[in-house]
Amino acid sequence: MNDEPVLVGVVIDEQMLGVEELACACGVSVEWLYQRLDAGLLGCCSGEGGNRRFASPQLRRARRLRAVEQDFDANPELAALVVDLLEEIQKLRAGR
Amino acid sequence: MRFEDYYQILDVPAEADASAIKQAYRRQARLLHPDLNTAADAHAAMARINEAYEALSDPKRRTAYDGVRRRHRALQAAAADARAAKTPGPANDVASDWKQGFQYDGAPVAGRSGEGFSEFFTSMFGRASTPEPADATPERGADEHVKLVIAAAEAVEGAVRSVTVRTLAPDDKGHRAVVVRNVQVRIPKGIRAGQHLRVSGQGAAGRGGAPAGDLYLEIQFKDSPREQSRDVHEPLPLAPWEAALGADVTTTTPAGPVRVTVPPDTPHGKRLRLKGRGLAGEPGGDMVLDVEVVLPPSTLPGARAVYETMAAALGREFLPRAGES
């Protein structure tokens, strides 16, 4: 029998992330995040300015954006295009 | 411990410059990216490419690795010579003494996105060469991410799962090093594929008394590409007479067993949707049953006679292939 305590997490769609929390979760600076938010590359979120809140889809998208930019030295717009296409593929596969 | 030839993994010569290594990494990453490559081993292959690039793209790590590789090759050559001369030679396993003369004073690396690197990589680059100073500037630990694959039933009922986490934390000598931990996490009822579960304080340890980072678990369902949905898909096997004549059958749904009325002439492949019987939520999902008509084998007692009767009675009128007569 495992004596380790059972940890309870929070589903982030129920308790959404703030800008700083999303930046930490993605391993990026808050400035990096604001630039992409202001350019409309991160998709929709609730709230405005510093009170914006983010759920799972934005977390996944921001991490993908960062990975594509980092791995391929892609500029943010090109990385966003790649992520758009990846999300589209995922939707099509889900509809199979 | 197996020696990893990172140059071979990236398919570049040992004298390749930084730009050739980056180019080779991108070429391989494009081919193996798990979002595009659906092969079962794409994740593992991508992890190897990431590991190789992590070792060779950092000048400090590459210098240290090149020393190990030279030593490994020298050991292999000596072992081959000894075999040819039929004399006892040195062990050709680099694990025996590869650390002789090994030097690396860069920051330790735990791996990317919780995927973890090999024991070989971790032995070289997974531990800081000096203890963490007591007066280190406070810095919150990094958040860690792990993909957790669960069965749809675990999402329906809730479950407790053991999760392996690789993080950086001070070891017993105060050196920041890769630590592998197992934590027990409660999976809440009704969680969906694609959602993230955030577990506070289970990421990398902080520095200088700052708090640890958090652990993010990205939920994926086993064998299901239908992410983000609360629908539950299950096959519904039917006997030919149940499909042809209609039947009331019992099936299991997340909310418990239900009776399903199969209408007459239900073809193989038809989808029966039970509204609101999928995963709970606002709105709740549906239970989707994919009809599979299962033929009794002709070797079953009496089955052959039934098929022969059907062939005699229906063979002229029932033509399943268009264009045949």
To the closest 0.5 Å, what do you measure between OG (A/S56) and CZ (B/R192)? 8.0 Å
Checking A/L86 against chain B: side chain, backbone, both or neither under 4.5 Å from a heavy atom?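 A/L86 touches chain B through side-chain heavy atoms alone.
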A/L17 versus chain B, the contacting section by heavy-atom distance below 4.5 Å: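 Side chain only.
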Which bit of [X] is near chain A, if near means a heavy-atom gap under 4.5 Å: side chain, backbone, both or neither?
| X | answer |
| --- | --- |
| B/I191 | side chain |
| B/R140 | side chain |
| B/V160 | side chain |

Got a sec: does the [atom1] of [X] have more than 12 other heavy atoms crowding it under 6.0 Å?
| X | atom1 | result |
| --- | --- | --- |
| B/Q8 | CD | no |
| B/R30 | CZ | no |
| B/R277 | CZ | no |

Considering all heavy atoms, the nearest A/V11-B/P188 contact: CG2-CG, 3.8 Å
Closest heavy-atom pair and its distance - A/V6, B/V185: CG1-C, 4.2 Å
Which one wins on heavy-atom pair count under 4.5 Å against chain B: A/D13, A/V10, A/I12?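 Counting heavy-atom pairs under 4.5 Å, the top option is A/V10.
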What are the residues of residues 18-35 of chain A, in order of number, with any heavy atom under 4.5 angstrom from a heavy atom of chain B?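 Only A/E21, A/C24, A/A25 of residues 18-35 of chain A have a heavy atom under 4.5 Å from chain B.
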Tell me every residue that passes ring pair (Phe, Tyr, Trp, His ring centres under 6.0 Å) with B/Y216, counting only those two or more places apart in sequence or in another chain.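 Partners of B/Y216 under the ring pair (Phe, Tyr, Trp, His ring centres under 6.0 Å) test: B/H145.
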Mark yes or no for whether A/R60, through its side chain, and B/G194, through its backbone, hold a donor-acceptor pair below 3.5 Å.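 Yes; at least one donor-acceptor contact below 3.5 Å.
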What residues of residues 199-211 of chain B sit under 4.5 Å from chain A when only non-hydrogen atoms are counted?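 The residues closer than 4.5 Å to chain A, in numerical order, are B/V199, B/Q202.
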Distance-only donor-acceptor hits, side chain of residues 20-27 of chain B, under 3.5 Å, sequence neighbours excluded:
{"from": "B/K22", "atom 1": "NZ", "to": "A/D73", "atom 2": "OD2", "distance (Å)": "2.8"}
{"from": "B/Y25", "atom 1": "OH", "to": "A/D71", "atom 2": "OD1", "distance (Å)": "3.4"}
{"from": "B/Y25", "atom 1": "OH", "to": "A/D71", "atom 2": "OD2", "distance (Å)": "3.4"}
{"from": "B/Y25", "atom 1": "OH", "to": "B/N50", "atom 2": "OD1", "distance (Å)": "2.8"}
{"from": "B/Y25", "atom 1": "OH", "to": "B/R112", "atom 2": "NH1", "distance (Å)": "3.1"}
{"from": "B/R26", "atom 1": "NE", "to": "A/D71", "atom 2": "O", "distance (Å)": "3.4"}
{"from": "B/R26", "atom 1": "NH2", "to": "A/D73", "atom 2": "OD2", "distance (Å)": "2.6"}

Can you find a heavy atom in the side chain of A/Q15 that is under 4.5 Å from one in the side chain of B/R198?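 Counting from C-beta outward, A/Q15 and B/R198 never come under 4.5 Å.
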